[in-house]
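Remarks on the structure that follows.
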Protein chains: 2
Amino acid sequence: MLNDLELAAGDVQGDGKMELRLWLRLLSTTKLISQELRRRLRIEFNVTLPQFDVLAQLHREPEGLRLGDLSQRTMVTNGNITGLVERLETDGLLVRERLREDRRVTVARLTDQGRSEFEHMAHAHESWLKELMRDMDPAVLSSLFSHISEIKTAALTRFAATDELDGALD
Amino acid sequence: MLNDLELAAGDVQGDGKMELRLWLRLLSTTKLISQELRRRLRIEFNVTLPQFDVLAQLHREPEGLRLGDLSQRTMVTNGNITGLVERLETDGLLVRERLREDRRVTVARLTDQGRSEFEHMAHAHESWLKELMRDMDPAVLSSLFSHISEIKTAALTRFAATDELDGALD
DNA sequence: TCAAATTACTTTAAACTTAAAATAATTAAG
DNA sequence: CTTAATTATTTTAAGTTTAAAGTAATTTGA
């Protein structure tokens, strides 16, 4: 009887569709935040979010990265990296160089201007996120991080099983 | 002493950059899952993820939705809704109709074929998510949902404050 | 009433995305 | 040694995204 009432009351949390609800909430939340970060990056620094992502990866590799590695780390397809890097080179934020010992390989590396501009962007970007989450309990942030990681690991495992991928967690 | 050790050990959770780390983890996780859902929707049902999203919104409104409302609910810009709906109409999954009483307004409504096909898709989509999260503790899913909602609310509040937007919390 | 503002939608241009095909360089195998 | 695989990147086509400008239709207000 109680059970019937609970189910009738919109499936409060009898785990009817908790996975779906959580997924939709995750998706709408990241979309919302992405949109705002994208907007601010464009207005304040005239870069797109994927461009910022590429710069961030290159910033941690002073020697530069092969386009293939860049593609993996940013989760952007190979084909897309080409144009992304082309535009960033045009803007003077990075340079491309063909490897002598293997002329199939292109390495992208930040210019001094690129490094300097990225550091400004990264500082602002981080402060926007701190501001966004300033009222969240640090313990909650920590628990969120580990639980989201659980889901990410599950995705890598389950989806890798289907796709025959390797299992890099980060 | 313990504290020093903890901080030295890679800033375990001394909240050096927890907000940034959480955000990056959220982003990479949703990207990873989206990619796989997108892949499966394409292979099994020949629809894109945004198209699935539009169908889902229309499915809960048998009378159909104005394109503007559809745009809001899917978080897709007005301009994008036009083409999205055009393609779905071409595929026979929905119909567009101009309102008699206000000829600026277009209402989109699922066809019988659209409703039927969407129901298959939705069933598969939900089961993929259940499979993905099958090892997660239901209490964890529940807590994730509420904490992510906290962040979403913060985003709506903070970003609305900056942008002078209205404050619709969902 | 009727010009101006508002509303609903469409169009446009540049960037990004995916998947798939194409090109070029290197390595492997017979 | 030389053709066949493999690897790294680029190109292509269809679709999506954002932001901004454009087009109708309706409302407002002087």
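We use all heavy atoms of the structure for the numbers below, so side chains are in, but hydrogens, waters and symmetry mates are not. Letters A, B, ... mirror the listed sequences (proteins, then strands); counts begin at 1.
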Any base atoms under 4.0 Å from B:Gly79, or only sugar-phosphate, or nothing? Heavy atoms, all strands. base
Do any side-chain nitrogens or oxygens of A:Asn78 fall under 4.0 Å of OP1 or OP2 in D:dT9? no
Sugar-phosphate, base or nothing in reach of A:Leu84, heavy atoms under 4.0 Å: sugar-phosphate
By the 4.0 Å heavy-atom rule, please label B:Thr77 as base, sugar-phosphate, or nothing. base
Rounded to the nearest Å, what distance is computed from the CD atom of residue B:Glu101 to the C1' atom of nucleotide D:dT27? 16 Å
Rounded to whole Å, please give me the gap between CG in A:Leu70 and P in C:dT17. 12 Å
Verify side chain to side chain contact (heavy atoms under 4.5 Å, CB included) between B:Leu94 and B:Arg109, making sure each step is shown before the conclusion. CA-CA 5 Å; B:Leu94 57 78; B:Arg109 194 176 53 249; over 6 Å; no
Looking for any heavy atom pair under 4.0 Å, which part of the strands does A:Thr48 touch: base, sugar-phosphate only, or nothing? sugar-phosphate
For A:Glu97 and D:dA8, give me the distance from atom CD to atom P, rounded to whole Å. 18 Å
Nearest 0.5 Å, what's the CG-OG1 distance between B:Leu67 and B:Thr106? 5.0 Å
State whether B:Gln35 places a side-chain N or O below 4.0 Å from either non-bridging phosphate oxygen (OP1 or OP2) of C:dT18. yes
CD (A:Glu126) and CZ (B:Arg21) are apart, to the nearest 0.5 Å, by 12.0 Å
Before you tell me yes or no, could you show the steps for A:Phe159 and B:Arg40 under side chain to side chain contact (heavy atoms under 4.5 Å, CB included), namely the whole-Å CA-CA distance, both residues' side-chain angles and the distance that decides it to 0.1 Å? CA-CA 11 Å; A:Phe159 295 165; B:Arg40 295 187 184 186; 3.5 Å; yes
Check whether any side-chain heavy atom of A:Arg38 sits under 4.5 Å from a side-chain heavy atom of A:Arg42, and report yes or no. no
Can you check the B:Gln72 CD to C:dC9 C1' distance for me, whole Å? 14 Å
How many whole angstroms separate atom CZ of B:Arg100 from atom P of D:dT26? 13 Å
Grab the CZ-P distance between A:Arg96 and D:dT10 for me, whole Å please. 6 Å
By nearest atom, which of the nucleotides C:dT18, D:dT18, D:dT11 is closest to the A:Arg38 side chain? D:dT18
According to a strict under-4.0 Å criterion, is B:Arg42 in side-chain N/O contact with OP1 or OP2 of C:dA19? yes
Looking at the base of D:dT9, is there any donor atom on it, or on the side chain of A:Arg104, that sits under 3.5 Å from an acceptor on the other one? no
Does A:Arg103 put a side-chain nitrogen or oxygen below 4.0 Å from OP1 or OP2 of C:dA24? no
Are any of A:Arg66's side-chain N or O atoms less than 4.0 Å away from OP1 or OP2 of D:dA8? yes
Expected output: side-chain B:Lys31 to main-chain B:Leu26 donor-acceptor under 3.5 Å: no
Nearest-neighbour nucleotide for the A:Asp102 side chain, D:dT17, C:dT26, C:dA15 considered: C:dT26
Integer-rounded Å distance: C:dA8 P and B:Asp69 CG: 9 Å
Whole-Å gap separating P (C:dC9) and CG (B:Leu99): 8 Å
Nearest-neighbour nucleotide for the B:Asn80 side chain, D:dT18, D:dT9, D:dT11 considered: D:dT18
